[in-house]
There are 2 protein chains.
Amino acid sequence: MGSTDSTGSSGAPQPEPREKVASGQVQSVDRAIELLELMADAGGEAALSELAASTGLPLPTIHRLMRTLLSRGYVRQLPSRRYTLGPRLIRLGESAGRQLGAGARPYLTALAAELGETVNLAMIDRDMAVYVAQAASRHSMRMFTEVGRRVFTHATGVGKAVLAQLPDATVLEIVARVGMPAATPQTITDPQALLTELATIRERGYAIDDGEQEIGVRCFAVEVPGAPTPTALSISGPSARVGYDFAETAVPVLHRTAAELAKELISPGA
Amino acid sequence: MGSTDSTGSSGAPQPEPREKVASGQVQSVDRAIELLELMADAGGEAALSELAASTGLPLPTIHRLMRTLLSRGYVRQLPSRRYTLGPRLIRLGESAGRQLGAGARPYLTALAAELGETVNLAMIDRDMAVYVAQAASRHSMRMFTEVGRRVFTHATGVGKAVLAQLPDATVLEIVARVGMPAATPQTITDPQALLTELATIRERGYAIDDGEQEIGVRCFAVEVPGAPTPTALSISGPSARVGYDFAETAVPVLHRTAAELAKELISPGA
DNA sequence: ATTCACACTTCCACTCAGCGGAAGCATAGG
DNA sequence: CCTATGCTTCCGCTGAGTGGAAGTGTGAAT
């Protein structure tokens, strides 16, 4: 992205660039996606008029787009005429998750088995980090997988490991957009402190999250080098079990696995 | 696919009705969705030219659509320039799943606890049944949830319970489109036999799947009456534990829960 | 029971977004 | 180095998409 901007200097009688769809893209598709996202933000349900209010688009336009989504099963319509996200999206999401976590799973499972703690793979999605695969340790078998969950980048191991792959300017843009809320007293909440931390991470070769996301949980994370989308691999567990000495064992294994994962992600099945 | 073929004979200058998008819908959105679906069918990954071949659309058109999806994170692009489904879809699918299984989960969990077997909620999606929520029994804790999985309607308890809510003509259309492959020797593979079975289900008030999907697994399923999309609730387990006498206990509870679910699905949180 | 108000849906003519043929680039293979 | 293949950009034409206005249904108020 970051395409047609910053060159607003010329005094040409520009007809107001605004926040239009980046050129070379399809307006109606972009709008349809915006509607889906809005519904997701609203908890998966919305009325037509609510969508109109949020987007500023005229009702007939939205209605037509929703009809299209409806016929494809991407949204459903309740008897109250309100819309909800549809069953077909589950399938797509599953497929995407499988694709992303595809070759990854065996590596993660092996890693979790070897180190005995929970392993996560996450990549950046807009301004957040999204978990795309997980191998749980036997200790904490959770009913609900974390896959699909989005977390702030500044407050998690994987998040910081991902940010460390980006230029500082981009990092600042991200935190400017989404902010840096504190999840715990340990969370980094200052942009400059974050940049310093990222420099340390690049130097050291791995990120540490020491109760910054959840008190009592420590996490070591490394980048997956050369992944198509900035990606990170982490291992985490209770501070009691996951001490700093644990890093000496874990980090080399993480790096090795990350390198293998990189190959797998770039040319699947190769 | 199968679009502009076979009718090469007539010399009439017919503007060719074809398999157009139903009127009042948005062509480009429909096409974008088709691309996503194709990618999912192809295992989550495809090259531009493959998509062109499958859809019959010209390359530039597809390229533009993919660019839009790309910028929204609905697809990613590998260094090989091939496309894969993107991380953002996971989030959407999660949200859709949460929405669909929303109020349902507590009911399912209670039901699973009360009856001690795995409970599933499924709804129809095109020509298949898709699981939208599950509460597993303690017996068989699976690593991978079944949520999102799509199954044939004719070979499963939930499937048949869903079909029983549809007119025979619609049922025949569905099986004509997707066929009736046998999952086990018990699977119903004849359309007429299926219609007879559905009549029995409507009469009896619940569906039985006796090893038709998987040998040794029995399942009782009831419709969720008045759901916006035809939906069914089932309980299933090994034939050894789930005998026919079990139905006497289970079915009334299933019916009661289904009725409660119906209310919940129609007006969430009410 | 009747009216009113609101929200959704359909209609239709204008027009600009989207389309796709053709030309331009990269990248892999010879 | 050259060729082949497949992706990407360009650009003028046009019909798909748009959105104002009118219609319809539903639920609340009187």
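The sequence lines fix the lettering, A, B, ..., with proteins before strands; numbering per chain opens at 1. Reckoned from all heavy atoms, side chains included, excluding hydrogens, waters and symmetry mates.
Contacts of Q77(B) with the nucleic acid, taken as non-hydrogen atoms under 4.0 Å apart, involve only primed sugar atoms and P, OP1 or OP2.
Applying the 4.0 Å criterion to OP1 and OP2 of dT9(D), one finds that R67(B) has a side-chain N or O inside that range. Not one side-chain nitrogen or oxygen of R82(A) sits closer than 4.0 Å to the OP1 or OP2 atom of dA7(C). Look at H63(B) and you'll find a side-chain N or O under 4.0 angstrom from OP1 or OP2 of dT8(D).
Out of dT9(C), dT10(C), dG20(C), the shortest distance to the side chain of L59(A) is found at dT9(C). Among the nucleotides dC7(D), dG18(C), dG19(D), the one closest to the side chain of V26(A) is dG18(C). Across dT9(C), dG20(C), dA17(C), the shortest atom-to-atom separation from the side chain of L48(A) is found for dT9(C). Of the candidates dC7(D), dA7(C), dG18(C), the closest approach to any side-chain atom of S49(A) belongs to dA7(C).
For the helix from dA1(C)-dT30(D) to dG30(C)-dC1(D), the axis fitted to the five pairs at one end and the axis fitted to the five pairs at the other end meet at an angle of 50° (nearest 10 degrees).
Atom CG of D30(A) is separated from atom P of dG17(D) by 15 Å (rounded to the nearest Å).
In summary, the side chains of E34(B) and T55(B) do not present any donor paired with an acceptor at a separation below 3.5 Å, with no hydrogens or angles considered.
T170(A) places no side-chain N or O within donor-acceptor distance of the main-chain N or O of L166(A), the cut-off being under 3.5 Å.
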Scan nucleotides 20-23 of chain D against the protein and return all N/O pairs shorter than 3.5 Å with their distances rounded to 0.1 Å.
none

### Message
Q77(A) vs Y83(A), test: side-chain hydrogen bond (donor to acceptor under 3.5 Å, both in side chains). Steps then yes/no.
### Response
CA-CA 5 Å; Q77(A) 194 165 25; Y83(A) 294 91; 3.3 Å; yes
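One cannot find a donor-acceptor pair under 3.5 Å joining the base of dG25(D) and the side-chain atoms of R81(A).
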